[in-house]
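Step one of this worksheet: look at the structure below.
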There are 2 protein chains.
Amino acid sequence: MPRIRHERFDCSPGCTVEGTLRYIDGKWKGVVLYHLFEGTLRFNEIRRRIPNCTQRMLTNQLRELEADGLITRKIYAEVPPKVEYSLTPRGRSLEPVITALKIWGDANVTLVPEVSHAAA
Amino acid sequence: MPRIRHERFDCSPGCTVEGTLRYIDGKWKGVVLYHLFEGTLRFNEIRRRIPNCTQRMLTNQLRELEADGLITRKIYAEVPPKVEYSLTPRGRSLEPVITALKIWGDANVTLVPEVSHAAA
DNA sequence: CATGACGGTATCCTTTTCGACACTATGTGC
DNA sequence: GCACATAGTGTCGAAAAGGATACCGTCATG
């Protein structure tokens, strides 16, 4: 959960940039959203796509995304539990943002093991 | 300084999304970059544009942006110190990303004082 | 002589984040 | 009767991020 970056987002024109970051910040939110653009996924399907994320962390990130109205959680009252996650329209509207992030990353981040101050 | 999100960015296709976030995460980096798109700015010019950011924090953010090769720092050996910050080409290449962030924020974040789990 | 502007540092402390690990319930397969 | 899969929750502790505050040197101005 990112800190509350500001109380209001009108302090300067660039503030809404931070406002958006508030939603997609959180160690795994970007990737989770990215995978949900493919379509609805079950909990463990997401887990398998993001192996480094612990179960607890994934739950947290999903809960925050849900609280922010970006995804919905659909529970099936079945015997082996089944929960499906999918994007809300609001979540889907983030697609250009995630795409921009991915394009830049593909061009500038690709397979860089240590990025600058990682050693500090 | 954001934690090292992954060691490598090839774990899944969405990973470069996180890779990009690594650069613009940090409480004030997004806004700093945003303001530098206007053009070169001196230290205190940036400060005045982001009043809620403490001097120490601003210094930190600028140093990290510099270490990541997104901005350059030009020191003039003058009597009242003068330091100018401007974007590198790499930093400027983030413009579509910041713009996407801003567009979404303007449409979805505008003037929301408390955003969801802020009270938690 | 004191104050302010400039561009920072250093130190301390609190809050947040995140990872490890254990634990839950139910039903199925072996 | 035991393990496994599902989708979680709870607790603990370390590390990182970030805020508050004080301090630095120099020159100009009042």
Side-chain angles (χ1 to χ4, degrees), chain A residues 1-7 18 21-22 24-32 40-67 71-86 115-120, chain B residues 1-7 11 18 21-32 40-67 71-86 115-120:
Chain A
M1 195 179 321
R3 41 224 110 29
I4 301 153
R5 294 175 180 268
H6 315 282
E7 301 79 44
E18 287 296 322
L21 280 175
R22 219 199 69 76
I24 55 182
D25 191 11
K27 193 162 180 180
W28 308 98
K29 287 190 190 174
V31 215
V32 169
T40 300
L41 290 174
R42 296 182 58 176
F43 184 80
N44 274 356
E45 289 177 324
I46 304 177
R47 272 203 80 185
R48 278 188 287 270
R49 278 170 170 73
I50 317 177
N52 297 338
C53 181
T54 64
Q55 193 171 32
R56 197 184 73 95
M57 263 290 115
L58 183 55
T59 306
N60 284 353
Q61 303 291 287
L62 289 168
R63 289 291 185 285
E64 289 180 25
L65 290 169
E66 194 193 359
I71 65 174
T72 36
R73 187 160 167 264
K74 188 169 181 184
I75 305 148
Y76 294 83
E78 293 178 6
V79 150
K82 177 176 170 184
V83 181
E84 283 182 349
Y85 291 93
S86 49
V115 194
S116 76
H117 45 67
Chain B
M1 195 179 320
R3 40 224 113 22
I4 300 152
R5 295 177 179 265
H6 315 283
E7 301 79 45
C11 62
E18 287 296 323
L21 282 175
R22 218 199 68 77
Y23 287 95
I24 55 182
D25 190 11
K27 195 163 179 179
W28 307 98
K29 286 190 190 175
V31 216
V32 169
T40 300
L41 290 174
R42 297 183 57 177
F43 185 80
N44 275 354
E45 287 176 326
I46 303 176
R47 271 203 81 185
R48 277 188 286 271
R49 278 169 172 74
I50 316 176
N52 296 338
C53 182
T54 64
Q55 193 170 30
R56 194 185 75 95
M57 265 291 116
L58 184 55
T59 306
N60 284 352
Q61 304 289 287
L62 289 169
R63 290 292 186 282
E64 289 180 24
L65 289 169
E66 194 193 0
I71 64 173
T72 36
R73 187 159 168 266
K74 188 169 179 183
I75 305 148
Y76 294 83
E78 293 179 3
V79 149
K82 177 176 172 185
V83 180
E84 282 183 350
Y85 292 92
S86 48
V115 195
S116 75
H117 43 68

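Predicted model only: the values in this text are computed from it and were never measured. So that the names make sense, note that chain A is the first sequence line, chain B the second, and so on, each numbered from 1. Atom set for the values below is all heavy atoms of this structure, side chains included, hydrogens, waters and symmetry mates excluded.
- To the nearest 0.5 Å, atom OG1 of residue B/Thr72 and atom CG of residue B/Leu65 are 11.0 Å apart.
- Listed by chain and number, the residues in a side-chain contact (heavy atoms from CB on, under 4.5 Å) with B/Glu66 are B/Arg63, B/Ile71, B/Arg73 (sequence neighbours excluded).
- In terms of heavy atoms, A/Lys29 sits closest to A/Ile24 at CB-O, 3.6 Å.
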N/O contacts under 3.5 Å, protein versus nucleotides 20-30 of chain D?
unit_1, atom_1, unit_2, atom_2, d
D/dA20, N6, B/Arg56, NE, 2.9

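- Separating the CE atom of A/Met57 from the P atom of D/dC12 is a distance of 17 Å, rounded to the nearest angstrom.
- Minimum atom distance to the side chain of B/Arg63 is reached by C/dT9, of the listed C/dC18, C/dT9, D/dA7.
- A/Glu78 places its CD atom 16 Å from the C1' atom of C/dA25, with the value rounded to the nearest Å.
- Computed from coordinates, the A/Phe43 CZ to D/dT9 P distance equals 8 Å when rounded to whole Å.
- Spacing between atom NZ of B/Lys74 and atom C1' of C/dG7 amounts to 17 Å, rounded to whole angstrom units.
- Remark: P of C/dC18 and CZ of B/Arg22 are 14 Å apart, rounded to the nearest angstrom.
- Phosphate proximity of C/dG7 to B/Arg42: present, with a side-chain N or O under 4.0 Å from OP1 or OP2.
- Residue A/Asn60 contributes atom CG, which lies 14 Å from atom C1' of D/dA7 at whole-angstrom precision.
- Under 4.0 angstrom from either OP1 or OP2 of D/dA7 there lies no side-chain N or O belonging to A/Arg73.
- Atom CG of A/Leu58 is separated from atom C1' of C/dC21 by 17 Å (rounded to the nearest Å).
- A 4.5 Å side-chain heavy-atom check between B/Leu41 and B/Arg49 finds at least one atom pair inside the cut-off.
- Distance B/Ile75 CD1 to C/dG7 C1': 10 Å, rounded to the nearest Å.
- Within the 4.0 Å cut-off from OP1 or OP2 of D/dT6, at least one side-chain nitrogen or oxygen of A/Arg48 is found.
- The OH atom of A/Tyr85 lies 4.5 Å from the CG atom of A/Leu62; values are rounded to the nearest 0.5 Å.
- Judged as a side-chain contact (heavy atoms from CB on, under 4.5 Å), and not counting sequence neighbours, the contacts of A/Arg47 are A/Phe43, A/Asn44, A/Gln55, A/Leu58.
- Of the two residues near DNA chain C, B/Asn44 and B/Thr59, the one whose nearest nucleotide lies more 5' is B/Asn44.
- Using a 4.0 Å heavy-atom criterion, one finds that B/Tyr76 contacts no nucleic acid atom at all.
- If you take CD on B/Glu18 and CH2 on A/Trp28, they are separated by 7.0 Å, rounding to the nearest 0.5 Å.
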